[in-house]
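To start, the structure itself, in structure tokens.
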Amino acid sequence: MGKAAIFDLDGTLLDSMGVWDHVDDVSLNSRGIAVPEDYAQAVSHMQFREIADYTIARFNLSDDPQDLMDEWNALAREAYATIVEVKPHAVEYLASLKASGAKLAVATTLPPQLRDPAMDHVGIAQFFDEICSTDDVQFVGKDQPDVYLHAASLLNIEPHHCTVFEDILPGLQAAQSVGMKAWAMHDDSSDALWPQICEVADGVLFDFSNAPLVL
């Protein structure tokens, strides 16, 4: 039976949370709202439409959800295509896994118009057998295992032969709930929950230099 690795993008393969801090600052500040300290953590497991609905409800905005998403996309698209960086040693690790015969997939909340330019920009798109997002599972967020199960199905690998790499606690827990291993990548956005993440995860990483060579 083959093995598979399923990777999150934001905060795991991509050092990209600064992009969203910038988007949040510009978008909310333009409406006279300071970004609350708990905002990034609150939306970390959500897909795009959920974040728009949550933001409108939380701050009592009059914006249409699609208009708000279009605004965020416009702010983020250039950054993802030009300045986002890959996490240290990620390229080498992906190449090593690919050479070992493992199947590789991306399971992300990023929509295609952001994920594809970002992956091309940092030079990792060629390593993956499948790329999917919460868009492909009726926008179910990462607090549920749907997107990870979808990635496993695309790869034709049983869940218990999959290892998920994630930076958020809900995603780690969701992957484990269906029998997948779950390795945690440290990201500044998850600092508040890092002790809990360390308790839950099958392994923890600060970069990919010590990522598991055998899945």
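None of the values given here were measured: they were computed from a predicted structure. When a residue number appears, it is its place in the shown sequence, counting from 1. Scope of the values below: all heavy atoms of this structure, side chains included, with no hydrogens, waters or symmetry mates.
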Quiz item: Are Leu28 and Ile51 in one and the same hydrophobic cluster, where Ile, Leu, Val, Met, Phe, Trp and Tyr link if side-chain heavy atoms are under 4.5 Å apart?
Solution: yes

Quiz item: What is the distance from atom NZ of Lys103 to atom CD1 of Ile157, rounded to the nearest 0.5 Å?
Solution: 5.0 Å

Exercise. To the nearest 0.5 Å, tell me how far Asp70 CG sits from Asp64 CG.
Key: 8.5 Å

Quiz item: Where do Asp53 and Arg49 land on the side-chain contact (heavy atoms from CB on, under 4.5 Å) test, with the steps shown first?
Solution: CA-CA 6 Å; Asp53 290 338; Arg49 176 56 187 255; 3.0 Å; yes

Exercise. Find the distance between CD (Glu130) and CG (Asn156) and round it off to the nearest 0.5 Å.
Key: 10.0 Å

Quiz item: Do Val23 and Phe48 belong to the same hydrophobic cluster, where Ile, Leu, Val, Met, Phe, Trp and Tyr are linked whenever their side-chain heavy atoms lie under 4.5 Å apart, directly or via other members?
Solution: yes

Quiz item: Are Tyr54 and Met46 close enough that some pair of their side-chain heavy atoms sits under 4.5 Å apart?
Solution: yes

Quiz prompt | Closest contact, heavy atoms only, Phe139 versus Glu50 | solution = O-OE1, 4.0 Å

Expected list for residues 35-43: side-chain donor-acceptor pairs under 3.5 angstrom, two or more places apart:
unit_1	atom_1	unit_2	atom_2	d
Asp38	OD1	Arg58	NH1	3.4
Asp38	OD1	Arg58	NH2	2.8
Tyr39	OH	Thr55	OG1	2.6

Practice problem: Using a 4.5 Å cut-off on heavy atoms from C-beta on, say whether the side chain of Ser190 contacts that of Leu169. | Solution: no

Practice problem: Mark yes when over 12 heavy atoms from residues, nucleotides or ligands other than Glu85 sit less than 6.0 Å from its CD; otherwise mark no. | Solution: no

Quiz item: Would you say the side chain of Met119 lies within less than 4.5 Å of the side chain of Val106, judging by non-hydrogen atoms?
Solution: yes

Quiz item: Does some side-chain heavy atom of Met180 sit less than 4.5 Å from a side-chain heavy atom of Leu149?
Solution: yes

Practice problem: Of all the heavy-atom pairs spanning Thr109 and Thr134, show the shortest one and how long it is. | Solution: CA-OG1, 3.6 Å

Quiz item: Hey, mind stepping through Lys3 and Val214 against side-chain contact (heavy atoms from CB on, under 4.5 Å) and telling me if it holds?
Solution: CA-CA 9 Å; Lys3 296 291 184 76; Val214 178; 5.7 Å; no

Exercise. Determine whether more than 12 heavy atoms belonging to other residues, nucleotides or ligands lie under 6.0 Å from atom CD of Gln138.
Key: no

Which atom pairs, one a donor and one an acceptor, fall under 3.5 Å between side chains of residues 9-19 and the rest of the protein, sequence neighbours left out?
unit_1	atom_1	unit_2	atom_2	d
Asp10	OD1	Ser16	OG	2.3
Asp10	OD1	Tyr80	OH	2.6
Asp10	OD2	Trp20	NE1	3.1
Asp10	OD2	Tyr80	OH	2.9
Thr12	OG1	Asp8	OD2	2.8
Thr12	OG1	Asp167	N	3.2
Thr12	OG1	Asp167	OD1	3.4

Quiz item: Donor-acceptor pair, Tyr93 side chain versus Pro212 backbone, under 3.5 Å?
Solution: yes

Quiz prompt | Minimum-distance pair of heavy atoms, taken over all atoms of Leu205 and Ala211 | solution = CD2-CA, 3.6 Å

Quiz item: What is the distance from atom CG of Asp63 to atom CE of Met69, rounded to the nearest 0.5 Å?
Solution: 11.5 Å

Quiz item: How about Thr163 and Trp183: does a side-chain donor come under 3.5 Å of a side-chain acceptor?
Solution: no

Quiz item: If you take all heavy atoms of Phe208 and Met185, which pair is closest and at what distance?
Solution: CE1-CE, 3.3 Å

Self-check item: Cluster check Leu104, Val122: I/L/V/M/F/W/Y, side chain < 4.5 angstrom
Solution: yes

Quiz item: Under 3.5 Å, is there a donor-acceptor pair between the side chain of His45 and the main chain of Lys142?
Solution: no

Quiz item: Roughly how far apart are Ile33 CD1 and Phe59 CZ, rounded to 0.5 Å?
Solution: 6.0 Å

Quiz item: Do we see a donor-acceptor contact under 3.5 Å between the side chains of Asp207 and His186?
Solution: no

Quiz prompt | Expected output: side-chain Ser177 to main-chain Ala174 donor-acceptor under 3.5 Å | solution = yes

Quiz item: Do Leu110 and Val137 sit in the same hydrophobic cluster, where Ile, Leu, Val, Met, Phe, Trp and Tyr count as joined when their side-chain heavy atoms come under 4.5 Å apart?
Solution: no

Practice problem: Indicate yes or no for a side-chain donor-acceptor contact from Asp136 to the backbone of Ser133 under 3.5 Å, with no hydrogens or angles considered. | Solution: yes

Exercise. Looking only at non-hydrogen atoms, find the nearest pair between Ala107 and Tyr148 and report the distance.
Key: CB-CD2, 4.2 Å

Quiz item: Could you walk me through whether Leu215 and His161 pass the side-chain contact (heavy atoms from CB on, under 4.5 Å) check?
Solution: CA-CA 8 Å; Leu215 298 175; His161 288 298; over 6 Å; no

Quiz item: Are the side chains of Ile6 and Glu166 in touch, meaning some heavy atoms are under 4.5 Å apart?
Solution: no

Quiz item: Would you say the side chain of Val91 lies within less than 4.5 Å of the side chain of Leu94, judging by non-hydrogen atoms?
Solution: no

Practice problem: State whether the number of non-hydrogen atoms from other residues, nucleotides or ligands found under 6.0 Å of Glu78 atom CD is greater than 12. | Solution: no

Self-check item: Aromatic plane relationship, Phe165 with Phe7 - under 30° parallel, 30 to 60° tilted, over 60° perpendicular
Solution: parallel

Quiz item: Should Ile124 and Leu155 be regarded as members of a common hydrophobic cluster, given that ILVMFWY residues are connected when their side-chain heavy atoms come within less than 4.5 Å of each other, either directly or indirectly?
Solution: no

Quiz prompt | Heavy-atom pair of closest approach, residues Leu172 and Ala184 | solution = CD1-CB, 3.8 Å

Exercise. Given side-chain contact (heavy atoms from CB on, under 4.5 Å), test Ser27 with Leu68 step by step and report yes or no.
Key: CA-CA 9 Å; Ser27 181; Leu68 194 57; 4.0 Å; yes

Quiz item: If you round to the nearest 0.5 Å, how far is CG of Asn210 from NE2 of His89?
Solution: 9.0 Å

